[in-house]
Amino acid sequence: MRKLTLVVLFLSTLYCVHAQVQDSASGRPILKKRTKPEDFWKKTFVAINLTPSLGSGSFGAYISPTFGYHPSENSSVAAGPLYMFNSFNNGTGSGRTTASIWGARVWGQHRIYRTFFAHAEYEVMNAVKMVVMNGLQYYYVNPDGSFSHQAIGNPLIGAAFVNEGDSGSQSFTILYNLNYIETATPYTKLFSIPIVLRASISFNLGGNR
């Protein structure tokens, strides 16, 4: 049994030495190089999402700057704050009601084929409580004129169509909201489906890729 153990150890040692010799002969480095700081920054980018929000009796704008990183040529991850401005009919016929919504989001993309990417993200926001009347959303206003806020999380999945360049990219994203709340989610449904449309532009911080 002891001899068998020695033989196994010997063969294992020979295999390791042989592998190292092959790596040296092929010119491949044996030891992995440490990632330099400049290598990290070459893979970073800033993305700006600016999308109008239109619906029956409502309009608004969604803006979200994010800082991102490319783990590989085919994938991206990013995170940052979000701001949403919404204006709704107040339901009384006397004007409109506006509100500002703040939050944060994190997202990721992975290339499926050429310019087609799978996209997933999660965002949290201090949404304003709403009421639904005749199929339309209206902000719920307290007797003192203030709004009631509600923290919600929106997991979104979908696809992105990305036009990539040396210094950045432009993208159009179609997302499905997995946690649509009729009395809180500030996104207007598209054809009665909780679909979110977004457009964004990004800039590589490390220069041309």
Side-chain angles (χ1 to χ4, degrees), residues 45-89 99-140 147-164 168-202:
F45 64 92
V46 171
I48 302 175
N49 186 298
L50 180 59
T51 309
S53 175
L54 303 174
S56 300
S58 69
F59 69 89
Y62 177 101
I63 182 170
S64 176
T66 55
F67 174 78
Y69 178 75
H70 295 287
S72 70
E73 289 293 325
N74 296 317
S75 59
S76 305
V77 291
L82 67 86
Y83 170 75
M84 192 171 187
F85 170 82
N86 266 352
S87 175
F88 279 81
N89 289 328
S100 294
I101 298 172
W102 297 88
R105 59 192 281 255
V106 57
W107 60 265
Q109 288 182 348
H110 185 75
R111 189 193 310 273
I112 301 300
Y113 181 73
R114 294 188 178 180
T115 61
F116 179 74
F117 287 71
H119 183 106
E121 68 177 78
Y122 186 82
E123 63 182 13
V124 291
M125 59 175 60
N126 65 332
V128 178
K129 182 179 179 181
M130 291 182 283
V131 294
V132 179
M133 298 173 58
N134 299 322
L136 299 178
Q137 293 173 310
Y138 302 98
Y139 281 127
Y140 178 82
F147 296 129
S148 295
H149 288 271
Q150 176 182 347
I152 63 172
N154 297 319
L156 303 111
I157 58 173
F161 301 90
V162 183
N163 179 27
E164 296 177 294
S169 65
Q170 306 84 41
S171 66
F172 178 76
T173 309
I174 302 176
L175 302 172
Y176 183 86
N177 191 345
L178 297 174
N179 187 39
Y180 188 87
I181 303 173
E182 198 76 31
T183 56
T185 303
Y187 301 121
T188 302
K189 286 184 176 180
L190 183 65
F191 304 114
S192 300
I193 304 174
I195 291 177
V196 179
L197 304 178
R198 288 180 182 163
S200 65
I201 184 171
S202 69

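Values below: all heavy atoms of this structure, side chains included; hydrogens, waters and symmetry mates excluded.
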Hey, could you give me the [atom1]/[atom2] distance between [X] and [Y], rounded to the nearest 0.5 Å?
{"X": "Ile152", "Y": "Tyr180", "atom1": "CD1", "atom2": "OH", "answer": "9.5 Å"}
{"X": "Phe161", "Y": "Arg114", "atom1": "CZ", "atom2": "CZ", "answer": "14.5 Å"}
{"X": "Ile101", "Y": "Asn126", "atom1": "CD1", "atom2": "CG", "answer": "7.0 Å"}
{"X": "Arg111", "Y": "Phe116", "atom1": "CZ", "atom2": "CZ", "answer": "12.0 Å"}

If the condition is ring-ring contact (aromatic ring centres under 6.0 Å, His included), which residues does [X] pass it with, not counting sequence neighbours?
{"X": "Phe172", "answer": "none"}
{"X": "Tyr176", "answer": "none"}
{"X": "Tyr62", "answer": "none"}
{"X": "Phe67", "answer": "none"}

>> For Pro155, give me all partners under side chain to side chain contact (heavy atoms under 4.5 Å, CB included), at least two apart in sequence or on another chain.
In response: Tyr122, Asn177, Leu178, Asn179

> Got a sec, which residues hit side chain to side chain contact (heavy atoms under 4.5 Å, CB included) with Tyr83, two or more places apart in sequence or on another chain?
Replying inline: Ile63, Phe85, Ser100, Trp102

>> For the backbone of Gly168 and the side chain of Ser202, can you confirm whether one donor and one acceptor N or O come within less than 3.5 Å of each other?
In response: no

>> Closer than 3.5 angstrom, by distance alone: can the side chain of Ser64 be matched with the main-chain N or O of Pro81 as a donor-acceptor pair?
In response: yes

> In terms of ring plane angle, is the pair Trp107 and His119 parallel, tilted or perpendicular, where the classes change at 30° and 60°?
Replying inline: parallel

> Excluding sequence neighbours, so at least two apart, what forms side-chain hydrogen bond (donor to acceptor under 3.5 Å, both in side chains) with Thr173?
Replying inline: none

> Who passes side-chain hydrogen bond (donor to acceptor under 3.5 Å, both in side chains) against Gln170, sequence neighbours left out?
Replying inline: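 Testing Gln170 for side-chain hydrogen bond (donor to acceptor under 3.5 Å, both in side chains), a comparison that skips the adjacent residues, returns Asn163.
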
> Between Phe45 and Ser76, is a side chain to side chain contact (heavy atoms under 4.5 Å, CB included) present by the stated rule, with each step listed?
Replying inline: CA-CA 9 Å; Phe45 64 92; Ser76 305; 4.1 Å; yes

>> Under the salt bridge (Lys or Arg N to Asp or Glu O under 4.0 Å) definition, can you give me all pairs with a residue in residues 100-110, not counting sequence neighbours?
In response: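 Non-adjacent pairs meeting salt bridge (Lys or Arg N to Asp or Glu O under 4.0 Å): Arg105-Glu121.
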
>> Run the side chain to side chain contact (heavy atoms under 4.5 Å, CB included) test on Leu197 and Ile174 for me, step by step, so that the C-alpha distance in whole Å, both residues' side-chain angles and the decisive distance to 0.1 Å come before the verdict.
In response: CA-CA 5 Å; Leu197 304 178; Ile174 302 176; 3.8 Å; yes

> Pro71 and Ser75: which non-hydrogen atoms are nearest, and at how many Å?
Replying inline: CD-O, 3.4 Å

